[in-house]
Amino acid sequence: MATNAIDQTRRMLSLVTYLRERPGAHVQDVARAFGITEDELISDLDVLPMCGTSFRGGDLLDIDTDGDRIWWHNPDDVAEPLRLAADEATALLVAARAVATLPGLRESDRQALVRATAKLETAAGESGAASSRLSVTFEAEGGVFADVDRAISERRRLWLRYYSPARDELTEREVDPIRLFAVGHTYMEGWCRLSEARRTFRLDRVAEIRLLDAPAAPPELELRDLSEGLVQPAAEDPEVVIEVGTGGRWVAEYYPHDSADELPDGGLRITLRTPDPASLRRLALRLGGEGRIVAPPELAESARTAAREALAAYDTV
């Protein structure tokens with residue numbers, strides 16, 4: 001079953017209570033109790049030590065695992081009633097008000113947040129008064145995230161205008177969302193009705209989004225293991241070396257790679273693996289003067305030939 005961000009947050013809050021009552025719990029038992037894989041549990045445990053009762057970095061949860069059992073070393077240290085300083089109360093209130101304005105937020109979650117904010121305002125008193133003079137505006141990705149999260153929870157289809165930097169074009173498509181996840185950036189995995197296949201969309205490349213009335217009905221798919229990254233080329237795949245200028249640095253962000261070494265002119269020398277090196281000819285044409293394939297030599301020559309043929313076609317127009 002796909003898990004959205006709010007569900008994951010709820011699970012992690014429950015996980016704290018669960019672990020406090022079960023010191024030395026076995027990883028497989030905890031994963032089974034929460035209905036998640038052991039890899040998903042370990043991922044949650046990687047986040048929990050960065051959480052605690054102070055925004056200043058103190059009183060964090062000291063939780064670790066040896067891969068078999070889970071230990072919480074300081075449960076008593078974080079069990080005291082929360083005491084907020086003025087700046088902490090202000091930060092919480094500003095963040096809560098901002099999140100409550102997100103489009104697409106489920107109404108039940110919005111109302112719960114409004115009630116919690118009201119209680120915090122009462123408790124903070126004059127210390128939190130400064131928060132009313134501050135506001136936060138989210139970038140477009142925040143609204144996209146909220147719409148996708150709502151579509152997943154309500155099982156609704158989405159309409160997207162999506163930008164692909166590799167093709168330098170915007171496409172319109174309908175997508176049945178499956179899940180949200182973060183691997184460096186935030187992504188939506190879904191069943192694309194345009195290509196009739198599973199596709200992954202980076203949220204900051206969604207130019208426009210709408211929730212549709214049509215129900216989402218993606219086929220039953222096994223969720224991919226993303227613990228090793230979004231795309232995992234095989235070790236036996238052929239190696240390709242590409243050099244790009246400053247205008248082509250996005251290639252290192254868009255394509256999984258083994259290394260990206262800085263060049264003196266501000267560009268990058270990128271080494272990557274792909275089962276189909278010939279597919280990178282289009283990338284070379286897209287880069288133009290901002291990049292070139294260096295190796296293997298036969299692919300570099302193939303890309304140069306394709307570029308010459310493309311230029312010749314312009315000369316005949």
Side-chain angles (χ1 to χ4, degrees), residues 139-141 144 160-173 175 181-190 192 194-209 224-317:
E139 297 291 339
E141 184 178 332
V144 172
L160 307 177
R161 290 182 66 238
Y162 187 75
Y163 173 68
S164 172
R167 296 189 297 272
D168 190 27
E169 65 180 10
L170 281 166
T171 58
E172 296 183 11
R173 57 187 75 205
V175 178
F181 63 89
V183 181
H185 297 275
T186 306
Y187 296 86
M188 171 186 66
E189 186 174 25
C192 177
L194 178 64
S195 56
E196 286 299 318
R198 173 162 50 186
R199 292 289 184 266
T200 300
F201 303 92
R202 221 174 88 175
L203 296 197
D204 61 352
R205 292 185 177 140
V206 176
E208 190 177 351
I209 185 170
R224 295 183 296 155
D225 179 9
L226 300 172
S227 59
E228 298 299 323
L230 183 59
V231 179
Q232 302 154 30
E236 63 271 16
D237 287 343
E239 184 178 271
V240 178
V241 179
I242 302 173
E243 290 186 354
V244 300
T246 54
R249 292 178 67 95
W250 60 266
V251 174
E253 182 181 332
Y254 191 79
Y255 287 86
H257 55 276
D258 295 334
S259 63
D261 301 319
E262 294 285 344
L263 296 175
D265 62 356
L268 293 172
R269 183 182 178 91
I270 302 167
T271 302
L272 54 84
R273 295 182 182 277
T274 174
D276 183 18
S279 65
L280 295 178
R281 281 199 302 265
R282 184 168 184 173
L283 171 62
L285 293 174
R286 163 81 176 91
L287 287 168
E290 285 293 338
R292 66 189 183 96
I293 295 174
V294 177
E298 59 273 17
L299 179 60
E301 179 57 35
S302 174
R304 285 193 290 269
T305 299
R308 286 193 293 267
E309 291 175 350
L311 289 173
Y314 278 103
D315 291 338
T316 61
V317 175

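- Residues satisfying the side chain to side chain donor-acceptor pair (under 3.5 Å) test with R199, not counting sequence neighbours, are none.
- Atom OH of residue Y163 and atom OG1 of residue T171 lie 11.5 Å apart, to the nearest 0.5 angstrom.
- For D261, there are no side chain to side chain donor-acceptor pair (under 3.5 Å) partners two or more places apart in sequence or in a different chain.
- One finds the CZ atom of R205 at 7.0 Å from the OH atom of Y187 (value rounded to the nearest 0.5 Å).
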- Query: Stepwise, does the side-chain contact (heavy atoms from CB on, under 4.5 Å) test hold for L268 with E262?
  - Reply: CA-CA 5 Å; L268 293 172; E262 294 285 344; 3.7 Å; yes
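- Between the CG atom of L203 and the CD1 atom of I209 there is a distance of 7.5 Å, given to the nearest 0.5 Å.
- In terms of heavy-atom proximity, F181 sits nearest to E189 at CE2-CB, 3.9 Å.
- Interatomic distance, CG of L263 versus OG1 of T246, reported as 11.0 Å (0.5 Å rounding).
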- Task: Take T271 and E239, measure what side-chain contact (heavy atoms from CB on, under 4.5 Å) needs, and give me the verdict at the end.
- Result: CA-CA 7 Å; T271 302; E239 184 178 271; 3.5 Å; yes
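- Every residue was checked against the salt bridge (charged side-chain N to carboxylate O under 4.0 Å, His left out) condition with R281, not counting sequence neighbours, and none meets it.
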- Yes or no on side-chain contact (heavy atoms from CB on, under 4.5 Å) for E301 and E298, after CA distance, side-chain angles and deciding distance? CA-CA 5 Å; E301 179 57 35; E298 59 273 17; 5.8 Å; no
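- The structure places CD1 of I242 at 11.0 Å from CZ of R292, a figure rounded to the nearest 0.5 Å.
- The CZ atom of R304 sits 9.5 Å away from the CG atom of L299 when rounded to the nearest 0.5 Å.
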- Message: Applying side-chain contact (heavy atoms from CB on, under 4.5 Å) to M188 and V206, what does each step give before you reach the verdict?
- Response: CA-CA 10 Å; M188 171 186 66; V206 176; over 6 Å; no
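- Of all heavy-atom pairs spanning I270 and A252, the tightest one is CD1-N, 3.8 Å.
- At least one side-chain heavy atom of V240 sits under 4.5 Å from a side-chain heavy atom of P296.
- Taking both residues in full, the closest heavy atoms of L170 and R161 are given as CD1-NH2, 3.2 Å, listed atom of the first, atom of the second, then distance.
- Nearest heavy atoms, R249 versus G266: NH1-O, 2.7 Å.
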